[in-house]
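Step one of this worksheet: look at the structure below.
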Amino acid sequence: MSELFEETEINGMNLANRLVRSATWEGMAGQEGEVTPRLVKVMTDLAEGGVGLIISSHAYVRKDGQAGLFQLGIYEDVLIKGLENMTKAVHDRKGKILAQLAHAGLFGNTRLSGEPPVAVSALEGYAHPPRKVMEKKDIDALVEAFGRAAGRAQDAGFDGVQLHAAHGYLLNQFLSPAFNKREDDYGGTVENRARAVLEVLHAVRNKVGKGYPVLIKMNCEDFLEGGLTLQDSLKSGSLLQEAGIDAVELSGGTFLSGKFGPSRGGIKSEDREAYFSEAAKAFKEKLRIPLMLVGGIRSFHVAEKLVVEGYADYISMSRPFIREPELVKRWASGDLGKAQCLSDNQCFGSGMAGEGVYCVTKKQEEAGEALS
């Protein structure tokens with residue numbers, strides 16, 4: 001049996017295999033961030049498809065943290081019932097699901113939230129003003145918001161939570177010197193830039209307890225001038241490990257990183273897959289906690305090799321599951337053909353158009369077959 005299909009556990013959460021659905025934005029929630037039947041179906045399809053661990057849509061913990069159209073929310077207690085429907089549907093199919101807790105920070109969408117974005121520092125050129133630069137009291141309020149959101153996730157039946165500190169979101173903005181120009185206790189050194197993230201972790205842990213899985217998604221690098229480097233990221237990872245994080249999911253890049261962003265196109269050969277693998281190797285050499293690796297993994301043999309050779313403990317994918325939610329079940333059956341995802345990113349275009357994220361290419365192919 002392949003090591004990809006071994007049973008494992010993370011802080012008491014038992015997982016049927018090492019294949020993870022990395023969080024994304026589906027654009028399928030309601031106007032106020034509430035769960036919809038369409039969003040529940042996405043999660044149940046993943047559970048039925050054999051995914052070992054599903055990480056939910058990036059859910060905004062506060063209204064001013066909303067990034068995208070029809071994004072999932074976890075900012076008010078009234079949303080718990082819908083979230084509970086989602087987790088129950090996954091559990092009924094023997095799946096496991098985490099809630100990803102997020103805040104867009106500088107990139108908060110004022111048009112959608114009705115509130116100005118909050119920023120770690122006063123910056124020009126990254127987003128349109130007006131923006132509110134966070135004072136100490138604002139950081140404290142943010143930390144509290146993450147803690148309360150984690151409590152809602154636990155109440156809704158999620159098997160754990162993941163803090164979103166990658167891809168240019170607010171916690172990544174604190175970690176990154178490209179966004180963090182503060183001169184107080186939250187800026188400057190790696191230890192200071194990690195302070196807000198560590199405070200969020202402590203608030204979440206105090207809310208959910210020691211026996212509840214708390215993970216983090218973070219960048220290996222930002223691939224921006226003056227941004228987070230691998231060396232600083234490794235130091236931040238060590239600080240998080242010491243503070244009690246249960247696992248790290250490693251990604252890289254931001255909205256502004258161009259061809260070095262997190263969702264790269266043109267992955268047509270195995271040598272272009274797993275584009276953060278060398279950074280993952282450095283993390284595995286530094287940290288003791290489990291490591292999940294995301295970023296362009298499409299082939300079974302590449303995924304298996306990453307685990308066998310010690311680059312990662314878990315393999316995370318997102319776009320492949322948009323086209324093939326049943327991919328894990330297919331691989332488990334012995335059909336080891338690579339994921340059918342073409343990495344053309346047309347799926348995000350449908351989301352931007354308000355239609356929800358789906359595989360546009362697959363739909364076009366199916367329409368062509370119906371006409372033939």
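All residue numbers in this chain count up from 1 along the given sequence.
- When only modelled atom types and interatomic distance are considered, Tyr186 and Glu199 share a side-chain donor-acceptor pair under 3.5 Å.
- The OG atom of Ser22 lies 3.0 Å from the NZ atom of Lys217; values are rounded to the nearest 0.5 Å.
- Ala339 and Arg330 make their closest contact through CA-NH2, 3.9 Å (heavy atoms, listed as atom of the first residue, atom of the second, distance).
- The closest donor-acceptor contact from the side chain of Asn345 to the backbone of Ser263 lies under 3.5 Å.
- Of all the heavy atoms in Ala274 and Leu306, the pair that sits closest is CB-CD1, 3.9 Å.
- Geometrically, Arg38 does not engage Tyr358 in a cation-pi contact defined by less than 6.0 Å to the ring centre and at most 45° from the axis.
- What you find for Tyr60 and Gln71 is that their closest heavy atoms are CE2-O, 3.4 Å.
- The CZ atom of Phe107 sits 4.5 Å away from the CG atom of Leu256 when rounded to the nearest 0.5 Å.
- Using a 4.0 Å cut-off between charged side-chain N and carboxylate O, Lys132 and Asp138 make a salt bridge.
- Leu228 and Ser176 get closest at one heavy-atom pair: N-OG, 3.6 Å.
- Residue Ile54 holds its CD1 atom at 9.0 Å from CZ of Phe321, rounded to the nearest 0.5 Å.
- Considering every non-hydrogen atom in both His202 and Ala243, the closest pair reads CE1-CB, 4.0 Å.
- Ring-centre distance between Phe260 and Phe276: not below the 6.0 Å cut-off.
- The side chain to side chain donor-acceptor pair (under 3.5 Å) analysis of residues 9-20, with sequence neighbours excluded, yields the pairs Glu6-Arg18, Asn11-Asp246.
- In this structure, Phe174 is not a member of the same hydrophobic cluster as Leu106, with clusters built from ILVMFWY side-chain heavy atoms closer than 4.5 Å.
- Side-chain atoms of Ser333 and Asp335 form no donor-acceptor pair, as typed in the model, at a separation below 3.5 Å.
- Using a 4.0 Å cut-off between charged nitrogen and carboxylate oxygen, Glu273 and Arg298 do not count as a salt-bridge pair.
- Taking a cutoff of 4.0 Å between a charged side-chain nitrogen and a carboxylate oxygen, Glu191 and Arg195 do not qualify as a salt bridge.
- Other residues, nucleotides and ligands contribute over 12 non-hydrogen atoms within 6.0 Å of the CD atom of Glu309.
- Side-chain N/O atoms of Asp344 and Thr361 include a donor and acceptor closer than 3.5 Å.
- Residues Val20 and Val42 do not share a hydrophobic cluster, defined by chaining ILVMFWY side chains whose heavy atoms lie under 4.5 Å apart.
- At most 12 non-hydrogen atoms from other residues, nucleotides or ligands lie less than 6.0 angstrom from NZ of Lys281.
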